[in-house]
Number of protein chains: 2
Amino acid sequence: MIRILIAEDQRMLRGALALLLDLEDDIEVVGQACDGQEALSLITTLQPDVCLLDIEMPVKTGLDVTEQLIEIGSITRVIILTTFARPGYFERAIKANVQGYLLKDGPTEQLAESIRRVMKGHREISPELIFGTFKEENPLNAREREILSLSAQGKSANEISSILHLSYGTVRNYISEALNKLDAKNRIEGIRMAEQKGWL
Amino acid sequence: MIRILIAEDQRMLRGALALLLDLEDDIEVVGQACDGQEALSLITTLQPDVCLLDIEMPVKTGLDVTEQLIEIGSITRVIILTTFARPGYFERAIKANVQGYLLKDGPTEQLAESIRRVMKGHREISPELIFGTFKEENPLNAREREILSLSAQGKSANEISSILHLSYGTVRNYISEALNKLDAKNRIEGIRMAEQKGWL
DNA sequence: AGATAGTTATGACAATTGTCATCTGCATAA
DNA sequence: TTATGCAGATGACAATTGTCATAACTATCT
């Protein structure tokens, strides 16, 4: 019997997947979580064989959870299940050594089979992701990401400077540099592009 | 036997819901669509009793489909099933006289029951939506929406002016007016707020 | 005809943004 | 020790953005 845990904030999908997987003879859903924090604590207490993690969840993302599972030496295998084929997400997941990265756009029917294959030691990656997407890595460094994120919340250069204790000019330099790297002609375009690639 | 059609672009959820509903004795999933266009044509040919429509789908949104169903005098009952509790969406759905507006954050278990209740003539609205959200109507007029949308794509005031054949100053007046109505302190904040409310 | 409202335009102003060259410390590698 | 590179900072400039007062031109209603 394969014991699995599902972490997904959208209740309808979580419930449907749990029901669907429980119909399989060899799979048992032992727990459900609606945010990353809950997922982490349930995984450590329940020690399921496999966990299905959404990425964009409240409190902690699925990627955060994955990285922390490694730190504490958990043996639970991780399958990321997300809407987003964003290069940044995929890259981070692969670096965290997940056993699977599936898209919510993929077929329902193969989910159970993917779980079984992961249990046998295979890596399950949605075919859309195997080619192309990986080589596009995030050109922004930590500061640029940080500053662009704040800008994306509508903060002005001045506000950002006082939040981060940097000078006004420095903030603008970082934004300018980020826009240059992204080949965007203004903040708004830059934010759109970075968000769309998962570079935040 | 209640004949239903599911229109939802996320394949995993669509498949899971179909499977789940097919398990009910009195419900039969007669069709599935992955975009609004397909939904519309399947509904007209299959004439299901109820259709479950996602809002944000390719080609046509679920709201577009609903409005067109009214125009052609379809008797299929509509249940909107969406992630978004955005006032703008909800308002438009109610005006189009949908029989149900459920959130994907709601419980899986009650979906089948909601469908049965809709068949009996009830209106099914997610409880989160009943209070508060309705009175917040879109303060932006058509021009303001149009211009803010273009701005959201990263266009400058100058570009927008030549796209819409308006003067540079006029475009900036509209943006200024929109930001004022939204109580936002710059474009980026205004865009975020408007998008979040479904006012686009 | 006069009042009213909606759409578009203009000009002026200040604030913010985007760009660039240059400069300072500081750490670290050769 | 010198060199190199990085994180920040500064100043200057032009372009863009946000705000406001005002006006012209419709169309509509009374």
Side-chain angles (χ1 to χ4, degrees), chain A residues 88 91-92 95 136-200, chain B residues 87-88 91-92 95 135-200:
Chain A
E91 189 189 349
R92 202 172 144 202
K95 282 198 180 133
E136 264 208 271
E137 52 174 288
N138 194 336
L140 306 177
N141 63 36
R143 263 291 188 241
E144 287 157 359
R145 275 199 301 279
E146 197 176 17
I147 288 175
L148 205 59
S149 298
L150 287 168
S151 177
Q153 290 164 40
K155 308 267 188 253
S156 70
N158 221 316
E159 291 171 310
I160 297 175
S161 79
S162 68
I163 291 171
L164 299 181
H165 306 292
L166 290 174
S167 89
Y168 176 63
T170 304
V171 169
R172 288 166 56 207
N173 284 340
Y174 278 117
I175 292 183
S176 182
E177 186 55 29
L179 297 186
N180 184 32
K181 284 180 178 175
L182 293 169
D183 197 23
K185 66 180 182 308
N186 59 46
R187 274 153 139 85
I188 298 179
E189 201 179 61
I191 290 164
R192 273 273 185 277
M193 291 169 109
E195 280 184 343
Q196 192 249 319
K197 300 263 190 180
W199 294 335
L200 214 132
Chain B
E91 189 189 348
R92 203 173 143 201
K95 282 196 181 134
K135 58 180 167 289
E136 267 205 88
E137 53 173 287
N138 195 338
L140 306 178
N141 63 35
R143 263 289 189 242
E144 289 157 358
R145 276 200 301 278
E146 195 176 19
I147 288 176
L148 205 58
S149 298
L150 287 168
S151 177
Q153 289 164 41
K155 308 269 189 247
S156 71
N158 222 315
E159 290 172 309
I160 296 174
S161 79
S162 67
I163 291 171
L164 298 182
H165 307 291
L166 290 175
S167 88
Y168 175 62
T170 304
V171 169
R172 288 167 56 207
N173 285 341
Y174 279 117
I175 292 182
S176 182
E177 188 53 29
L179 298 186
N180 183 32
K181 284 179 178 175
L182 294 168
D183 196 25
K185 66 180 182 306
N186 59 46
R187 273 154 140 86
I188 298 180
E189 203 178 60
I191 291 164
R192 274 274 186 275
M193 292 169 108
E195 281 184 342
Q196 191 249 316
K197 299 261 191 181
W199 294 336
L200 211 125

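The model shown is predicted, which means the values in this text are computed figures rather than measured ones. Below, each value reflects all heavy atoms present in this structure, side chains not excepted, and no hydrogens, waters or symmetry copies. Lettering follows sequence order; numbering is per chain, from 1.
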In whole angstrom, what separates [X]'s [atom1] from [N]'s [atom2]?
{"X": "A:Tyr174", "N": "C:dT16", "atom1": "OH", "atom2": "C1'", "result": "21 Å"}
{"X": "A:Asn180", "N": "C:dT17", "atom1": "CG", "atom2": "C1'", "result": "15 Å"}
{"X": "B:Ile147", "N": "D:dT17", "atom1": "CD1", "atom2": "P", "result": "13 Å"}
{"X": "B:Arg172", "N": "C:dA14", "atom1": "CZ", "atom2": "C1'", "result": "11 Å"}
{"X": "B:Glu189", "N": "D:dT17", "atom1": "CD", "atom2": "P", "result": "17 Å"}
{"X": "B:Asn173", "N": "D:dT17", "atom1": "CG", "atom2": "P", "result": "14 Å"}
{"X": "B:Leu164", "N": "C:dA9", "atom1": "CG", "atom2": "P", "result": "10 Å"}
{"X": "A:Leu148", "N": "C:dT17", "atom1": "CG", "atom2": "C1'", "result": "14 Å"}

Side chain of [X] - closest among [options]:
{"X": "B:Arg187", "options": "D:dG18, D:dA7, C:dC20", "answer": "D:dG18"}
{"X": "A:Leu166", "options": "D:dG8, D:dT17, C:dT16", "answer": "D:dG8"}
{"X": "B:Ser167", "options": "C:dC20, C:dT17, C:dA9", "answer": "C:dA9"}

Touch class at under 4.0 angstrom, heavy-atom based, for B:Asn186 against every strand present:
sugar-phosphate

According to a strict under-4.0 Å criterion, is [X] in side-chain N/O contact with OP1 or OP2 of [N]?
{"X": "A:Thr170", "N": "D:dG8", "value": "no"}
{"X": "A:Arg143", "N": "D:dA7", "value": "no"}
{"X": "B:Ser176", "N": "D:dT19", "value": "yes"}
{"X": "B:Tyr168", "N": "C:dA9", "value": "no"}

Check each of B:Ile160, B:Asn173, B:Ile163 against B:Ile147 using the side-chain contact (heavy atoms from CB on, under 4.5 Å) test, and report the only one that passes.
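With B:Ile147 as partner, B:Ile160, B:Asn173, B:Ile163 yield a single side-chain contact (heavy atoms from CB on, under 4.5 Å), made by B:Ile160.
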
Backbone N or O of A:Ser156 within a donor-acceptor pair of the A:Glu159 side chain at under 3.5 Å?
yes

Donor-acceptor pair, distance only, cut-off 3.5 Å: does the side chain of B:Arg145 make one with the backbone of B:Trp199?
no

Could you tell me whether B:Arg143 and B:Glu177 make a salt bridge, using a distance below 4.0 angstrom between a side-chain N and a carboxylate O?
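Salt bridge between B:Arg143 and B:Glu177, a charged N being under 4.0 Å from a carboxylate O: no.
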
From CD (B:Gln153) to CG (B:Leu148), nearest 0.5 Å:
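Spacing of CD (B:Gln153) from CG (B:Leu148) equals 11.0 Å.
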
On DNA chain C, does the nearest nucleotide to A:Gly169 precede the nearest nucleotide to A:Asn158 from the 5' side, or the other way round? Give the residue.
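Comparing both residues, the 5'-ward one is A:Asn158.
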
